[in-house]
Amino acid sequence: MLTDYGYVGLFLIIAILFAVSMPLLPLTLSLLGLVPKKPNPIKTSTYECGVETIGKTWVQFNFRYYFYALLFVVFDILIVFLFPWATKLKQLGAGAFVAVLAFLLILMVGYIYAWMKRVLEWK
Amino acid sequence: MTLIGQFRDWLINFMPEWAAYIVAFLVGVVAIIAFVLVMIIVFIYLERRLIGRFQVRLGPNRCGPEGIFQLIADSIKLLTKEDIVPAKGDFWVHFLAPIVTFAPALMVFAVVPFHKGVVLTDLDVGILYVVAISSISVVGIYMAGWGSNNKYSLIAALRAVAQAISYELPVVMAAVGVILIAGSLSLSKIVEAQTIPFFLLQPLGFFIFLLGSMAEINRSPFDLLEAESEIVTGYNMEYSGMKFGLLYLSEYGHTLAASCIITTLFLGGWQGPLLPPFLWFLIKVLLVFFVFLWVRSTVPRLRVDQLMAFAWKCLLPMALINLLLIGAQVLWFPKALPWGMMVVNFAVAGILILLWSRLFALGGGRVEV
């Protein structure tokens with residue numbers, strides 16, 4: 001059992017090393033003179049419309065994203081509880097089903113309220 | 001006992017135990033990376049040629065017979081291209097983004113069963129692991145948009161996050177339907193539980209999972225984060241050279257991962273008559289990929305309001321209904337489950353899809369959704 005998780009950890013290290021090696025490959029090729037490296041102000045400017053961009057990029061963004069994030073967190077907590085419930089439902093019996101149904105109904109109140117308040121619409 | 005475990009036990013005869021563990025693991029990892037890279041090459045080739053056919057043109061056919069060397073030419077070009085870093089961008093975020101995007105795509109394959117017992121680690125929490133790992137790549141896409149310091153890229157990155165969290169819910173709920181029937185989170189056990197493929201038992205769950213994972217891996221028609229007509233190409237606009245190549249690779253890596261997971265959860269994995277199991281697995285994966293291509297070349301891109309409404313108003317309620325339906329069937333009608341419930345579930349799926357398509361005309365012209 002512990003070996004399984006150890007393998008996942010080792011695989012993570014190898015996956016990261018593999019991914020890091022890909023952008024480093026042109027770097028080694030550039031030592032051989034195969035990859036050009038001639039940056040200039042025009043080339044490294046922001047690719048937008050040709051002239052200098054106006055204002056900052058890292059600005060405050062639409063508040064609407066926040067609503068979706070809030071709703072997501074609520075339902076994600078439901079899903080975390082659903083995984084063990086789904087694995088052992090046959091052994092747990094009808095009581096567990098009714099419990100999750102009640103949990104779901106409470107969440108549904110908020111979901112339907114959000115729908116009625118037109119939070120789910122992108123304007 | 002997995003194949004890796006048998007190999008390890010055989011190796012213990014020749015070397016100390018810790019070395020056997022490491023060597024067996026390394027052999028498995030090299031095999032998986034080779035599989036992923038070869039399949040990505042096949043996918044890219046097939047995509048270019050088949051999309052060409054769908055659009056009544058030839059597709060790349062100049063390099064080698066039927067254009068099979070086109071990808072090699074492209075990768076040499078990407079390798080020797082100048083690596084341009086935007087002057088206003090955040091260098092480290094810009095550099096790390098492709099790595100954070102690609103590594104999870106590879107990590108998913110640690111638990112995918114390719115054959116009976118051929119799996120790197122048969123985790124007890126297989127599905128949970130897949131769901132957790134595959135959603136990390138969104139962080140990479142957000143880093144790419146943020147580090148580029150480009151307004152279009154940032155819009156794309158925000159869209160990617162909104163899309164990922166919205167479609168995460170229906171996808172995972174459809175997967176919970178599979179867990180209910182199989183009674184296990186381990187992917188190998190789920191495959192073994194499929195005496196008949198699960199897409200016949202819960203067609204609604206399959207439909208939701210297919211569409212939701214298409215949105216999660218940002219394929220057309222859900223590819224709003226690289227909508228050429230609105231935001232140039234979105235999050236990968238400021239990338240060039242091998243960093244762009246890595247982003248491109250991770251896109252196909254996630255497509256391959258999604259195809260493998262759909263195959264494992266709903267199409268019976270490596271199970272099938274006559275042909276060897278690994279061949280069945282490959283055939284099913286390519287079939288799922290063909291469906292992705294088919295949808296891509298048929299349906300136009302959605303608007304952002306349609307995209308969010310589709311997740312929250314169509315797929316999420318449907319996934320909840322599917323979940324409760326399957327739960328009730330598992331609990332109270334376990335005898336009728338293999339065949340008797342198939343009719344009921346197909347009827348429910350048909351009725352719900354018809355009902356929702358009447359209620360919300362998402363495909364129509366200017367409809368308020």
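The chains referred to below are lettered A, B, ... by the order of the sequence lines, with proteins before strands, and numbering in each begins at 1.
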> For Ile79(A), is it the side chain, the backbone, both or neither that has a heavy atom under 4.5 Å from a heavy atom of chain B?
Replying inline: side chain
> Checking Ala69(A) against chain B: side chain, backbone, both or neither under 4.5 Å from a heavy atom?
Replying inline: both
> Top residue by heavy-atom pair count (under 4.5 Å) with chain B, among Leu78(A), Val73(A), Ile14(A)?
Replying inline: Ile14(A)
> Which pair of non-hydrogen atoms, one from Lys313(B) and one from Tyr111(A), has the smallest distance, and what is that distance?
Replying inline: CA-OH, 4.2 Å
>> Counting heavy-atom pairs closer than 4.5 Å to chain A, which one of Leu316(B), Thr80(B), Leu158(B), Leu249(B) comes out on top?
In response: Leu158(B)
> Do you know which two heavy atoms are closest between Leu120(B) and Tyr7(A), and how far apart they sit?
Replying inline: O-CD2, 4.0 Å
> Measuring heavy-atom distances to chain A, does Ala311(B) have an atom under 4.5 Å in its side chain, in its backbone, in both, or in neither?
Replying inline: neither
> Tell me, side chain or backbone of Leu246(B) under 4.5 Å from chain A's heavy atoms, or both, or neither?
Replying inline: side chain
> Which atom names give the shortest non-hydrogen contact between Val176(B) and Ala86(A), and what distance separates them?
Replying inline: CG1-CB, 3.6 Å
>> Can you tell me if Lys189(B) has over 12 outside heavy atoms packed within less than 6.0 Å of its NZ?
In response: no
> At their closest point, which heavy atom of Phe97(A) faces which heavy atom of Ala328(B), and how far apart are they?
Replying inline: CE1-N, 3.5 Å
> Which region of Lys151(B), side chain (C-beta onward) or backbone (N, CA, C, O), has a non-hydrogen atom less than 4.5 Å from a non-hydrogen atom of chain A, or is it both or neither?
Replying inline: both
> Most heavy-atom pairs under 4.5 angstrom with chain B, which of Val8(A), Ile16(A), Leu25(A), Leu29(A)?
Replying inline: Val8(A)
> If we only count heavy atoms from C-beta on, is the Val29(B) to Leu10(A) side-chain gap below 4.5 Å?
Replying inline: no
>> At a 4.5 Å cut-off on heavy atoms, which part of Ser184(B) comes close to chain A: side chain, backbone, both, or neither?
In response: backbone
>> Just so I understand: if I count every heavy-atom pair under 4.5 Å between each of Phe109(B), Phe95(B), Trp146(B), Tyr21(B) and chain A, which residue has the most?
In response: Trp146(B)
>> At a 4.5 Å cut-off on heavy atoms, which part of Leu307(B) comes close to chain A: side chain, backbone, both, or neither?
In response: neither
> Non-hydrogen atoms of chain A under 4.5 Å away: do they reach the side chain of Ile33(B), the backbone, both or neither?
Replying inline: side chain
> Side chain, backbone, both or neither: which part of Ile179(B) has a non-hydrogen atom closer than 4.5 Å to chain A?
Replying inline: both
>> Quick check on the interface: out of Leu71(A), Leu101(A), Leu92(A), who has the most heavy-atom pairs with chain B under 4.5 Å?
In response: Leu71(A)
> Counting only heavy atoms not in Phe91(B), do more than 12 sit closer than 6.0 Å to its CZ atom?
Replying inline: yes
>> Below 4.5 Å, heavy-atom pairs only: which of Gln91(A), Met22(A), Lys88(A) has the largest tally toward chain B?
In response: Met22(A)
>> Just so I know, are the side chains of Pro39(A) and Glu82(B) near enough to count as touching, which here means a heavy-atom distance under 4.5 Å?
In response: yes
> Below 4.5 Å, heavy atoms only, C-beta onward: do Phe11(A) and Phe25(B) meet side chain to side chain?
Replying inline: yes
> Do Tyr65(A) and Val161(B) come within less than 4.5 Å of each other through their side chains, counting heavy atoms only?
Replying inline: no
> Which bit of Leu154(B) is near chain A, if near means a heavy-atom gap under 4.5 Å: side chain, backbone, both or neither?
Replying inline: side chain
> Which atoms of Met107(B) come close to chain A, meaning under 4.5 Å heavy atom to heavy atom: side chain ones, backbone ones, both, or neither?
Replying inline: both
> chain A: which of Val172(B), Leu180(B), Ile133(B), Val131(B) shares the most heavy-atom pairs with it under 4.5 Å?
Replying inline: Leu180(B)
> By a 4.5 Å heavy-atom criterion (distance strictly below it), what part of Tyr129(B) contacts chain A: side chain, backbone, both, or neither?
Replying inline: side chain
> Top residue by heavy-atom pair count (under 4.5 Å) with chain A, among Ile127(B), Leu106(B), Leu331(B)?
Replying inline: Leu331(B)
>> Less than 4.5 Å to any heavy atom of chain B: does that hold for the side chain of Leu104(A), its backbone, both, or neither?
In response: side chain
> For Leu26(B), is it the side chain, the backbone, both or neither that has a heavy atom under 4.5 Å from a heavy atom of chain A?
Replying inline: side chain
> So which part of Leu320(B) gets closer than 4.5 Å to some heavy atom of chain A, the side chain, the backbone, both or neither?
Replying inline: side chain
>> Quick check: do Val125(B) and Phe83(A) have side-chain heavy atoms less than 4.5 Å from each other?
In response: no
> Looking at Ile32(B), Leu128(B), Ile155(B), which makes the most heavy-atom pairs under 4.5 Å with chain A?
Replying inline: Leu128(B)
> Of the non-hydrogen atoms in Ala103(B) and Ala15(A), which two are nearest, and what is the gap between them?
Replying inline: O-CB, 4.0 Å
> Where on Leu247(B) is there a heavy atom nearer than 4.5 Å to chain A: the side chain, the backbone, both, or neither?
Replying inline: neither
